[in-house]
*Asks:* 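Quick one: this structure, given as structure tokens, is what I'll be asking you about.
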Amino acid sequence: GGVEARARGPASSRNKVSIGEPHSPVRGPKEKCFCQDVPDRSSPHPPDLLQRRMTGPSTSGPSHRDILRLSLPLIASNLTVPLIGLVDTGVAGHLPQASALAAVAAASAVSSVVLIGLNFLRMSTSGLTAQAHGAQDTAQTWLVFFRSALLALGLAAVLVLARYAIASVGISLIAPPGEVVALAKEYLHIRLLGAPLTLLSMVSMGFFIGIGKPKVALVMTVASNLVNVGLDLILVPGLGWGVSGLAWATIGGAVSYTH
């Protein structure tokens with residue numbers, strides 16, 4: 001009995017906790033498990049990655065190299081756009097009619113106002129595509145493209161059906177001389193026939209920019225401009241199509257862009 005009392009005595013004294021005394025900082029094994037980080041099984045990211053994202057420095061922002069990689073091809077493609085107008089003006093200036101150059105200038109001004117006003121197709125497609133592509137949602141990325149393409153085709157159908165009214169109103173606002181009006185309307189009637197291809201090219205450019213492939217958009221733009229220039233030289237001086245040949249050459253360049 002005495003041996004048992006001595007054996008139990010120290011154990012019972014160790015288990016006593018005084019109310020007035022502060023708790024001992026030494027913790028048992030069971031208490032240690034509550035202090036350890038328990039991984040969140042419901043999270044798709046490993047715990048160490050979450051900890052680095054929460055406590056470490058942010059490295060997710062784009063670098064200067066990334067910005068240049070995206071911006072330089074766009075700058076280069078935009079620099080090639082004036083080439084079309086330059087070649088059209090040069091070819092039109094060599095036509096027998098002096099009014100051809102004025103007609104191309106007037107018609108180009110109207111078509112630019114109408115088509116560039118729909119450039120939101122490129123900007124909206126670029127932003128929405130980038131958002132879906134950044135979320136790695138392939139289905140949503142292609143859904144944005146097809147929705148934008150359908151919207152572009154719907155707007156282009158309106159332009160094609162209303163091309164005679166657009167040409168009449170637009171040219172009347174510019175009020176060129178009488179001999180220029182007929183040629184300018186002829187150019188616009190053909191030019192607006194290519195509205196579906198032009199608007200689809202805007203959507204395609206926005207899509208490739210959105211998925212981070214601006215070089216593809218650059219190659220497509222340069223190829224379209226080169227085809228346009230080549231057709232200008234073939235259809236107008238070569239085949240003698242006149243002002244209408246310039247309009248068909250622009251449509252040919254849009255065909256090469258969408259393909």
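FYI, the numbering just counts along the sequence from 1.
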*Asks:* With rounding to the nearest 0.5 Å, note down the distance linking CG in Leu192 to CG in Leu115.
*Replies:*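 Reported value, rounded in 0.5 Å steps: 6.5 Å.
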*Asks:* Check whether any side-chain heavy atom of Tyr187 sits under 4.5 Å from a side-chain heavy atom of Leu246, and report yes or no.
*Replies:*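 The answer is yes, as the side chains (C-beta and beyond) meet within the 4.5 Å cut-off.
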*Asks:* Look up atom CG in Leu199 and atom CZ in Arg122, then write down how far apart they are to the nearest 0.5 Å.
*Replies:*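 Rounded to the nearest 0.5 Å, the CG-CZ separation comes out at 13.0 Å.
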*Asks:* Run the side-chain contact (heavy atoms from CB on, under 4.5 Å) test against Val113 and tell me which residues pass, sequence neighbours left out.
*Replies:*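 Val113 satisfies side-chain contact (heavy atoms from CB on, under 4.5 Å) with no other residue.
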*Asks:* Please determine whether residues Val229 and Val243 belong to a single hydrophobic cluster, defined as Ile, Leu, Val, Met, Phe, Trp and Tyr linked transitively by side-chain heavy-atom distances below 4.5 Å.
*Replies:*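 Looking at the clustering, Val243 is in the same group as Val229.
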*Asks:* Restricting to ring pair (Phe, Tyr, Trp, His ring centres under 6.0 Å), what partner residues turn up for Tyr164, sequence neighbours left out?
*Replies:*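 For Tyr164 the ring pair (Phe, Tyr, Trp, His ring centres under 6.0 Å) partners, ignoring immediate neighbours, are His189.
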*Asks:* Distance check, rounded to the nearest 0.5 Å: Trp241 atom CH2 versus Ile234 atom CD1?
*Replies:*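 Reported value, rounded in 0.5 Å steps: 10.5 Å.
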*Asks:* Is His94 close to Pro237 at the side-chain level, that is, under 4.5 Å between some pair of heavy atoms?
*Replies:*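 They are not in contact (no side-chain heavy atoms under 4.5 Å apart), so the answer is no.
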*Asks:* Looking only at heavy atoms, what is the nearest atom pair of Ser112 and Ser108, with distance?
*Replies:*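 Nearest pair, atom of Ser112 first, then Ser108: OG-O, 2.7 Å.
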*Asks:* When rounded to the nearest 0.5 angstrom, what distance separates CG in Asp232 from OG1 in Thr250?
*Replies:*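 Atom-to-atom, Asp232:CG and Thr250:OG1 are 6.0 Å apart.
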*Asks:* Partners of Ser126 by side-chain contact (heavy atoms from CB on, under 4.5 Å), sequence neighbours excluded?
*Replies:*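 Ser126 satisfies side-chain contact (heavy atoms from CB on, under 4.5 Å) with Ile209 once adjacent residues are dropped.
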*Asks:* Identify, with sequence neighbours excluded, every residue that meets side-chain contact (heavy atoms from CB on, under 4.5 Å) alongside Ile171.
*Replies:*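 Once residues adjacent in sequence are excluded, the partners of Ile171 under the side-chain contact (heavy atoms from CB on, under 4.5 Å) criterion are Ala106, Val110, Pro176, Val181, Ala184, Lys185, Leu188.
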*Asks:* Mind checking side-chain hydrogen bond (donor to acceptor under 3.5 Å, both in side chains) for Thr129 and listing every partner two or more places apart, or none if nothing turns up?
*Replies:*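 Partners of Thr129 under the side-chain hydrogen bond (donor to acceptor under 3.5 Å, both in side chains) test: none.
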*Asks:* Once rounded to the nearest 0.5 Å, what's the spacing between atom NZ of Lys213 and atom CG of Leu218?
*Replies:*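 Taking NZ in Lys213 and CG in Leu218, the distance rounds to 15.0 Å.
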*Asks:* Nearest 0.5 Å, please: how far is CE in Met205 from CG in Asn119?
*Replies:*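 Reported to 0.5 Å precision, the distance equals 9.0 Å.
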*Asks:* For Ile174 and Ala109, which heavy atoms make the closest approach, and how far apart are they?
*Replies:*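 In terms of heavy atoms, the two residues are closest at CD1-CB, 4.3 Å.
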*Asks:* Side chains of residues 142-162: which donor-acceptor pairs under 3.5 Å do they make with residues two or more places apart or in other chains?
*Replies:*
from	atom 1	to	atom 2	distance (Å)
Ser148	OG	Thr125	OG1	3.0
Ser148	OG	Val144	O	2.9

